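From a predicted model like this one, the values you see are computed outputs, not experimental measurements. Reckoned from all heavy atoms, side chains included, excluding hydrogens, waters and symmetry mates. Proteins come first, then strands; the chains are lettered A, B, ... in the order of their sequence lines, and each starts at number 1.
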Amino acid sequence: MSEHVSPLVRDADGTNDRRPGTPRRGSGFLDGPHRLPTTPSATVGPYLAIGLTWPDGADAVAPGTTGEIWLRGTVRDGNGDVVPDGMVESWQADPAGRFAHPDDPRGSSSTAGFRGFGRSATPGGEYAIRTLKPGAVPDGEGGWQAPHVDLSVFARGLLDRVVTRVYFADEAEANAADPVLSGLTEQQRATLVARPTDDGYRLDIHLQGADETVFFAV
Amino acid sequence: MTGTTSSGDGGRLALPRYVREDAGARTPVAFPDYRSTGLRAPLRTPVDLPHRLTEITGPVLGEDRVAPGDADLTLRAGGEAQGQRINVFGRVLDSDGRPVPGALVEVWQANAAGRYRHVVDNWPAPLDPHFDGLGRVVTDELGRYEFTTIKPGAYPWGNHHNAWRPAHIHFSLFGRAFTQRVVTQMYFPDDPLFGQDPIFNAIPPAARHRAVATFDLDRTQPDWALGFRWDIVLRGADQTPFETDDDGDVA
Ligand SMILES: [Fe+2]
């Protein structure tokens, strides 16, 4: 309907709830409860190290914890060049599949020294997070998600973070049943699966290119 | 607010869903006029990731991340920073209007001359021995934050001929959930440099004002500092989807 119709017109046709005689008139709401619009994101720019450096940033688990591993990888751009001025943040469950967070309905992680969150700059293009290998996590619908780590990548040239996930190559059975991986092609899945190394696992992140990593809208 | 319940039904969980702003009101990852996005912003459409346990939880960070003095950037290395002293304050809310208490707010900025204390920034503006440009605060029980700093200067960059960044303060925020994480920049009102800045103009026009602080005379301290208010809104958890039935029952 034309938006120029007078709001006093009585023969409302139901397509404009604000006019008199329509059901919503008088409810107090125009077209639903008001939501505050969210603050728009912006790039971290080249100087993020000033504000986002923590001495213990890389430690998703306290150093020396039994079972600690390093999750590493190189971040590359569309030319295949490394991204030396970015930052990677990680968030994950503990080996029992629990999160160090009060909203975990099964109770917060009880693993001593486990923060579950890591933050690594990418000098030379490389991120490195000290952590524990996560356990499987319920998918909320009676099934399970394979062990995984959520990653956020921030950098100059990204106006918002980009989000991806790390899975583990030695969890083939769990990966095959994972609801997120199941929705992807074989080639897409390959961009998310970290391979074992001497001290943990490695997953490179390709922001663009033939091997562009699968990024997620959350 | 946890909003999370377990039905005890074989691992079925009722989890909150964090509302996502329409694409037309969010900053896109890529913006051609901001040239660095050309080789860095992913080209493929992101895959939708339903919010499960990993996405509705997030790091619990608080006062342990903040050192004494972190909320006053004007006192460093035993002296006072040069520049226009300002108080920057506001509330961190979610999109339902609820305050976000205990949220870690990390800020960084250039000095009054527009120079960052960073090895990569070597344009010929002076460094200030009493300014490092780093601040951290945690929101109080009502979601309020405040810090004292100096107004940052504009600075040139190589994006295009005669390119200058408008004065801005970088903000990094954690809410309660992975989905609420945001890093952004706060601008000052009426900056004449807005028109030529692709980072500001990458924000959809209808949302740009949300990135701009407002001058606040009430929070301006006599003989001391100007006040600028900036509220930050994180995504809210939609526990009770609005009834779309056209029955007028919206209560
Ligand atoms: Fe900046």
Side-chain angles (χ1 to χ4, degrees), chain A residues 23-24 27 29 32-33 35-47 49-52 77-79 83 91-93 99-106 115-117 137-142 145 148 150 152 154-162 180 184 207-208 212 214-218, chain B residues 2 4-6 10-13 15 21 25-29 31 36-37 39-44 46-49 52-60 93 95 97 106-108 116 118 120 133-134 170 172 178-179 181-185 199 202-203 207 210-211 232-233 235 242 246 248 250:
Chain A
R24 196 151 287 156
S27 73
F29 290 127
R35 280 189 178 281
L36 299 179
T38 54
T39 302
S41 73
T43 181
V44 291
Y47 309 122
I50 295 172
L52 300 178
D77 70 10
N79 277 344
V83 173
W91 174 243
Q92 63 166 91
F99 293 90
H101 192 277
D103 281 0
D104 190 322
R106 304 156 301 161
R115 188 168 72 198
F117 174 79
V137 174
D139 71 358
E141 293 164 6
Q145 302 181 79
H148 64 273
D150 276 13
S152 301
F154 302 83
R156 171 179 68 81
L158 297 174
L159 284 161
D160 198 354
R161 67 169 172 167
V162 292
V180 176
L184 303 177
L207 294 172
Q208 297 182 357
E212 183 177 311
V214 169
F215 295 101
F216 294 103
V218 293
Chain B
T2 72
T4 311
T5 57
S6 173
R12 283 178 201 281
L13 307 169
L15 303 177
E21 197 81 49
R26 274 187 280 126
T27 312
V29 178
F31 190 69
S36 297
T37 65
L39 283 170
R40 290 189 165 187
L43 299 175
R44 296 182 188 156
V47 174
D48 279 326
L49 183 69
R52 299 188 177 92
L53 277 171
T54 321
E55 290 73 41
I56 62 102
T57 56
V60 178
L93 305 167
S95 53
E106 299 172 282
V107 300
W108 69 101
Y116 284 93
H118 190 286
V120 171
L134 164 66
H170 295 263
S172 163
F178 180 82
T179 48
R181 178 94 175 93
V182 69
V183 176
T184 187
Q185 300 179 19
I199 294 180
I203 306 169
R210 299 177 208 158
I232 300 159
V233 181
R235 296 163 66 182
F242 178 66
D246 194 15
V250 295

Inset, instruction - Answer yes or no: is there a donor N or O on one side and an acceptor on the other, between the side chain of A/Thr39 and the main chain of B/Val233, under 3.5 Å? - result: yes

Legend entry - Taking every non-hydrogen atom, the tightest pair across A/Leu159 and B/Ala202: CD1-CB, 3.5 Å

Legend entry - Within-4.5 Å side-chain heavy-atom neighbours: A/Arg115 and B/Pro59: no

Legend entry - Backbone of A/Ala42 reached by a side-chain donor or acceptor of B/Thr27 within 3.5 Å: no

Inset, instruction - Specify which of B/Val120, B/Leu49, B/Val107 makes the most heavy-atom pairs with chain A at under 4.5 Å. - result: B/Leu49

Inset, instruction - Output yes when a side-chain donor or acceptor of B/Arg52 lies under 3.5 Å from a complementary backbone atom of A/Pro138, and no otherwise. - result: no

Legend entry - Note, A/Leu158 side chain near B/Pro42 side chain (heavy atom, < 4.5 Å): yes

Legend entry - Which portion of B/Ile203 sits near chain A, non-hydrogen atoms under 4.5 angstrom: side chain

Inset, instruction - For B/Thr184 and A/Pro40, indicate whether the former's side chain and the latter's backbone hold a donor-acceptor pair under 3.5 Å. - result: yes

Inset, instruction - Please look at A/Pro46 and chain B and tell me whether the side chain, the backbone, both or neither of the residue comes under 4.5 angstrom of a heavy atom of that chain. - result: backbone

Inset, instruction - Establish, yes or no, whether the cationic atom of A/Arg161 lies under 6.0 Å from the six-membered ring centre of B/Phe178 and within 45° of the ring axis. - result: yes

Inset, instruction - Give, as side chain, backbone, both or neither, the part of A/Ala100 having an atom under 4.5 angstrom from any heavy atom of chain B. - result: backbone

Legend entry - Which of A/Tyr47, A/Phe99, A/Phe154, A/Phe215 touches chain B most, by non-hydrogen pairs under 4.5 Å: A/Tyr47

Inset, instruction - Name the member of B/Gly97, B/Ala41, B/Ser172, B/Gly58 that forms the most heavy-atom pairs with chain A at distances under 4.5 Å. - result: B/Gly58

Inset, instruction - Using non-hydrogen atoms and a 4.5 Å limit, figure out which bit of A/Val162 sits close to chain B: side chain, backbone, both or neither. - result: side chain

Legend entry - Given B/Thr54, B/Thr57, B/Leu53, the one that forms side chain to side chain contact (heavy atoms under 4.5 Å, CB included) with A/His101: B/Thr57

Inset, instruction - Could you pull out the closest heavy-atom pair between A/Ala155 and B/Arg40, with the gap in Å? - result: CB-NH1, 4.0 Å

Inset, instruction - Name the option with the most non-hydrogen atom pairs under 4.5 Å to chain B; the candidates are A/Val180, A/Asp150, A/Asp160, A/Leu184. - result: A/Asp150

Inset, instruction - Could you tell me whether a side-chain N or O of B/Glu21 sits under 3.5 Å from a main-chain N or O of A/Pro37, the two making a donor and an acceptor? - result: no

Inset, instruction - Provide the closest heavy-atom pair for A/Ala49 versus B/His118 in the form atom of the first, atom of the second, distance. - result: CB-NE2, 4.1 Å

Inset, instruction - With a 4.5 angstrom heavy-atom cut-off, could you sort out which part of A/Glu212 is near chain B: side chain, backbone, both or neither? - result: both

Legend entry - Set of residues satisfying side-chain contact (heavy atoms from CB on, under 4.5 Å) with respect to B/Ser36, sequence neighbours excluded: A/Arg156, B/Tyr34

Legend entry - Side chains of B/Arg44 and A/Val214 in contact at under 4.5 Å (non-hydrogen atoms): no

Legend entry - Most chain B-contacting option - heavy-atom pairs closer than 4.5 Å, from A/Asp139, A/Ile50, A/Val137: A/Ile50

Inset, instruction - Indicate yes or no: at least one non-hydrogen side-chain atom of A/Val44 is less than 4.5 angstrom from one of B/His170. - result: no

Inset, instruction - Go through the atoms of B/Val182 and report whether side chain, backbone, both or neither lie under 4.5 Å from a heavy atom of chain A. - result: side chain

Legend entry - Residue part contacting chain A, namely of B/Glu106, when any heavy atom lies under 4.5 Å: side chain

Inset, instruction - Give a yes or no answer on whether the side chain of B/Arg12 reaches the backbone of A/Glu141 with a donor-acceptor pair at less than 3.5 Å. - result: yes

Inset, instruction - Sort B/Arg26 into side chain, backbone, both or neither according to what part of it lies under 4.5 angstrom from a heavy atom of chain A. - result: neither

